[in-house]
Structures are given as structure tokens and as C-alpha cells.
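Heads up: the structure comes next, in C-alpha cells.
It should be emphasised that the depicted structure is a prediction, and the values quoted were computed from it without experimental measurement.
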Amino acid sequence: MISKDPKWGLLQEKIDYEVEDIPEPNLLREMFPYSEVPYIVFDGKSVPMEPAKDFFITDTTFRDGQQARPPYTVDQMVRIFEMISRLGGPNGVIRASEFFLYSEKDKQAVRKCQELGLKYPEVTGWIRATKDDFQIVKEMGLKETGILTSASDYHIFLKFNKTRKQILDNYIDLVRTALDSGLDAVRCHLEDITRADFYGFIIPFVQQAMEVAKEAKKAVKIRLCDTMGYGLPYAEAMLPRSVPKMIHAMIHECGVPSEWLEWHGHNDFHRVLANSTTAWLYGCAAANCTLLGFGERTGNPPLEGAILDYIALKGKTNGVDTRVISEIAEYFRTELGVNIPDNYPFVGSNFNVTSAGIHADGMLKNEEIYNIFDTSKILGRPARVNVTDKSGLAGIAHWVNSYLGLKPENAVDKRHPSLVAINDWVKEQYAAGRVTSISDSEMLTQARLHLPEYFKSDFDKLREHALKLSEKIVETLSEDPAVRSMDHARVENALQKAVGKHVFVQFIYVTDMAGKKITENITQPEYREQFGHFGCNEDFSDRDWFKGALESGEVYLTDFYTSRITGALCITVSAPITDGNGKRLGVIGADLKFEELARIHDAIS
């Protein structure tokens, strides 16, 4: 049969493949021996690079990305969705985001994201391969959903206990049903495609799916799911592992338009981002990704990595706001409690930090020598030097100048006597047996001690940050019905939750109008014994924070002081508690640890 090639526009022979309905599964043992590392096999044949005209990113943070971590709350999903939209920009570089649709929480998250009224990303669904699930998609008002269409004999025979023809017929029936139900598009998620029989099942199925699309005059998208991470970015590798050959076959043998193709990878063999970019280069329009690469087992392509590859390939941002990447990482860190590895690209705390003294000296002279790009401009993350015993005076000078934001003409010279003193302190630490790097908070303490002239306004900055942070916490607590009840047990329960959520809160308490403490010792676990002598009815009426809150009638912030109990540098914030009608009931106060506040302030800055 002669037909016009959809990519080249030239006439070519088109072969219609029939499913090979074999009685036993073909597990491709020559390539996947199981008892050994899978083999990378080449066939000496290649396919040309032909990038998709318009390639973009799709997001699966709320679907695959949730399968490897505790579930997000509805509010968290809405907040993350909004940040994804700002990251991708108004031109839809991040085109769509898929959601589970089964629980009430899933449905509520979808509704709230839809209510934001954002053009991009489009909210889409994901369902199982059952007809009843289409009703859920319809009820949610979605235009597109994905359907799980497992493709390898590992799934067809070993999981479903079906034949290839039975499974193919079932999938085609589902695609017809989906389009008949009123959807504009349906995505077939070809699970485990990199272990599937390409000419015996994949191509026959996709060719039939394209016929259904032609009849319905609607889109049948094909998601190429490298479920086990076996995909290879080499054009000369054999199918089913070669990403270039796979996409070439989809376009030229199955007639799938580039814009209907989507790559979904996993990182089992460390190729997840390389394979996604390869998919773009060989004609696949969409790369399916998750924030920070969260996904089942080893994870999916990291969305932030795909964003930077997109910009690098296009030579322009096309509306992308790369600084949102740092905002997202900070949200995951502080709000979701995610421990992002220090060396994680683009967002790890040390991704653009150097420790070697000779490197630090180079950074001091010109940061381009050891910084991948202008991380301050692109990600809002200035290049820094991590101080260790190898840093030397150059490393310490770079840390100080980076922290203070000093331009070269105003930079502190590495021969400055105060930097020599700090360097002597660092050497003493390691001479005493230290094996860890010097933390930012420790360096900050040393810098304040030896370079006080540079920190005249820094306390004011930190105080302002502490005030904003504390105001929100204390105001929220002072308006909490449990706190307003002034009931001993209810108040303590509310305060305990606050201490658990905010690590910088050293000690928190409530007094009545006479200044008598009505709560037991609500503090971090490591300080409970030290605060043991503060019981109920302790008189705090002579404290500045108590008097200041009542006199001002609003949030009151003390100066910095050293805690007599823990020796930590602290600041106290307090506020009057009212009944909602203006009647004062008491005062709530909290001692905040400077070191933790400084750490959070640095991260946000």
C-alpha cells in the first residue's frame, strides 16, 4: 500500500501489521536475561534526527509523582499547580498536568485547580483500562484522559493472563468508548514499551488506534512508557530499547503526528533526562516529567531539568520563569519536609557551591570559572563556596563576599586580618578532629564576630524577617479557638502542634492577664529537661515581651538576647489574645532560635 509519509510528505510503502497472537510470551530473553544486567544490543542501522516542530513538557507530579511519596493535601496540590503554571509561562511550555480521579480528595484538587482559571497547564486525567471510569472523567469536565494500556508480554501474559489479540481488541474498544463519551482526546499509556514486541504487538495496536482517530476525527495520543528505564538514547541500538528508532516507527510506520507523541521515562539506569531530550530530538513533541524527578522506584524525568534542556535547545525561554524552580524547591523543603540532596542539580543547597581552595580562589577572581551559568540571574541562587579545611583564605573570602552580596569593587580582600582570624578558627576545628564542613550558621557567627562593621543593618534585616514570620504564626495562634478558650489542655495541644511544625520555636507559652503562665513547658524535645522548672503559674508579668504586647496591643518583638536556659541566641515574639470582640484574655509568647531563623532567611534569600 502506498501512502504519504506524515513527516516527510513523500510517498512511501505503508505496511499494515497484524498482531502476532503467539501462544507463549516473548520475554526477549536474549536482551533481558534477568539473572544478568540487561544487554545493550546494536543492529548497525540508524534513523535520522528530526526534532518535533513544537516540543513541550507535560507534568505527572500529581499522578506518578505521588506514587513515591506521602500524598499531597488538596491545598498543597493547588499551590504546586499554580507554581508549575508560573514556571511554564503563558505560552504553555508546560502544556498539561495529569491527576488521579478516584478519591474525593483527588476530585477536589482537580476542581480547585480548574477554578484557578489558568490556561496552562491543562488539567487532564488518568484512569484504568475500564469503561466505567470514563463516567468519572466526564463528571469532572475534563477534555482528555490517559488510559493504562500495558504493552509488553510481561503484562499481557504474566499479569493479565490474556493473549495479545484479546488485549489489543479490548484496548481498541476502550479507545472508541472514550472518544464516543465526548472526550476531545484520549492518551494510550503503552506501559513497559521498552520490553514489548514492536512488530508483533506495538505497531499493530498503534496503527489501529490511528484508524480509530481518523474515523472519530479526534486525537488518540500515544504515551511511550519506559516503565523500567530500559530505554536507550542511541539511534543504532535495537528495538524495543532504542528511543530514536521507537519514535521513528511511531511517526513513519504508524502515522502518529509528532504532537500526539509523549515520552514517559524512568531513571532505573540513570538515563531518564537524556532519553526525554532524545525523544524531542527524534520527533516526539511531549516529555512527561515530575517536579524534582519524584516517581515510582527511581523516579521520572525531573521537570526542572527538562525546562533547562528546553531553553538550551530553543535558545530562548519562551515565557518560562526559571526562578520559580528555586521557589518550588524551597516549598518542598520547608512546607513538605522533603530532604533534597545537597548535590541535587539546580536546587540542592550545594549544587553551585565549591569546597576546594584552588576552585574558591578561581571563583573569587571570576565566578564563571567554576559556575555553570549565572545561577543568581537564572535561578536566584548566587554561587557560593563551602568552607572546609581545604577552603583556605580564598574560600572564606568568597563565602563572606557572597553572603554579604558585595560587588568586586567592595569585596573583602582575602588578606584582611579578620578573614585570617576566621581561617585560624576553621583550622582549629579540623585540628580537633572535625570531619564535616562548616555550616553557614557557624560561618555567619564568625563573620559577625570578626567583621561587625559589615553587619550593621543585617540584624535589622533578620529582625524584619523574624517579625513577618512570627507575626503570621503568633497571630494565627492568638486567633485559634483552642487558644482563645484559655483552657489548659486545649491551649497546650495547639501550641504543641506549632512547635512540631516550626523547628525555630524554642519555647512557647500562654499567660493570663496577670502574667501567670497557664501552660506547661511546650518546647522542642531536646529542651524539655532544661525548661523543666517553668511550670504553670510562673509569673512573667515583669517581662518586656508581656508588657510590650499589652501596651502596643499588637505583635511585639524583643531585641536579640542569649537564652539563659540553652545558651542559644534568641528573639521573643508575643501578642495579646482577645476573644474576637476586642476583650483581652492573655498573652501568647514564643522564643525563636536565631540560628534556625538565619538558616531559613538564607534559604529564602
Side-chain angles (χ1 to χ4, degrees), residues 73 75 334-337 463 465-558 560-561 563-597 599-600:
T73 67
D75 288 343
T334 59
E335 296 297 323
L336 304 181
R463 193 174 187 277
H465 169 69
L467 179 59
K468 290 179 181 177
L469 195 61
S470 308
E471 271 184 338
K472 183 178 180 181
I473 296 167
V474 172
E475 282 180 348
T476 299
L477 283 170
S478 66
E479 296 170 0
D480 189 317
V483 175
R484 282 178 167 172
S485 74
M486 298 299 282
D487 175 74
H488 172 86
R490 293 184 66 194
V491 173
E492 285 190 353
N493 185 51
L495 299 189
Q496 194 63 61
K497 289 180 180 177
V499 167
K501 185 176 181 182
H502 305 291
V503 294
F504 51 82
V505 176
Q506 176 177 275
F507 186 36
I508 192 167
Y509 33 83
V510 167
T511 74
D512 59 20
M513 287 299 293
K516 295 292 181 66
K517 185 164 165 281
I518 70 164
T519 54
E520 294 291 347
N521 303 312
I522 310 299
T523 183
Q524 299 294 343
E526 61 265 32
Y527 299 130
R528 283 174 187 161
E529 185 175 340
Q530 292 165 278
F531 282 93
H533 65 282
F534 283 117
C536 285
N537 298 316
E538 187 81 20
D539 189 353
F540 288 151
S541 61
D542 63 338
R543 303 296 176 89
D544 288 342
W545 58 262
F546 175 79
K547 294 184 287 187
L550 291 181
E551 289 170 5
S552 67
E554 54 189 28
V555 174
Y556 178 81
L557 198 68
T558 70
F560 288 92
Y561 63 90
S563 169
R564 290 177 296 175
I565 309 297
T566 65
L569 191 61
C570 293
I571 194 167
T572 295
V573 61
S574 58
I577 301 169
T578 66
D579 64 358
N581 296 315
K583 181 182 177 182
R584 293 180 180 178
L585 305 173
V587 173
I588 181 171
D591 300 345
L592 312 181
K593 292 185 291 183
F594 167 79
E595 183 177 340
E596 290 296 334
L597 278 171
R599 184 184 65 78
I600 294 170

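Here the side chain of Arg490 pairs no donor or acceptor atom with the backbone of Ser485 at under 3.5 angstrom.
Taken from NE2 in His502 to CD1 in Ile473, the straight-line distance is 4.0 Å, to the nearest 0.5 Å. Distance check, rounded to the nearest 0.5 Å: OG1 of Thr511 to CG of Leu585 gives 11.0 Å. In this structure, the separation between NZ on Lys583 and CE on Met513 is 10.0 Å, given to the nearest 0.5 Å. Atom CG of residue Leu336 and atom OG1 of residue Thr73 lie 8.0 Å apart, to the nearest 0.5 angstrom. Here Ile508 contributes atom CD1 and Leu477 contributes atom CG; the two are 5.0 Å apart, rounded to the nearest 0.5 Å. Distance check: Ser552 OG to Lys547 NZ gives 13.0 Å after rounding to the nearest 0.5 Å.
When all heavy atoms are compared, the tightest approach of Ser478 to Ile577 is O-CG2, 3.9 Å. Minimum heavy-atom separation, Ala549 to Val587: CB-CG1, 4.1 Å. Considering every non-hydrogen atom in both Lys593 and Cys570, the closest pair reads CA-SG, 4.4 Å. Of all heavy-atom pairs spanning Ala514 and Ser541, the tightest one is O-CB, 3.4 Å.
Looking only at side-chain heavy atoms (C-beta outward), Asp539 and Lys516 come within less than 4.5 Å of each other. Annotation: side chain of Arg543 is not in contact with side chain of Thr572 (no heavy-atom distance under 4.5 Å). Side-chain atoms of His488 and Glu520, non-hydrogen and from C-beta on, do get closer than 4.5 Å to each other. Contact of the Ile588 side chain with the Val491 side chain is not registered, since no non-hydrogen atoms from C-beta on lie closer than 4.5 Å. Counting heavy atoms from C-beta on, the side chains of Tyr561 and Asp544 never come closer than 4.5 Å. Considering only heavy atoms from C-beta on, Met486 comes within 4.5 Å of Val510 through its side chain. A heavy-atom distance below 4.5 Å is found between the side chains of Thr578 and Arg484. Side-chain contact between Gln524 and Val499: present, with at least one pair of heavy atoms (C-beta onward) separated by less than 4.5 Å.
Judged as a side-chain hydrogen bond (donor to acceptor under 3.5 Å, both in side chains), and not counting sequence neighbours, Asp75 has no contacts. Residues that satisfy the side-chain hydrogen bond (donor to acceptor under 3.5 Å, both in side chains) test with Thr523, not counting sequence neighbours, are absent from this structure. Applying the ring pair (Phe, Tyr, Trp, His ring centres under 6.0 Å) rule to Tyr509 yields the partners Phe507, Phe540, Trp545; only residues at least two apart in sequence or on another chain are considered.
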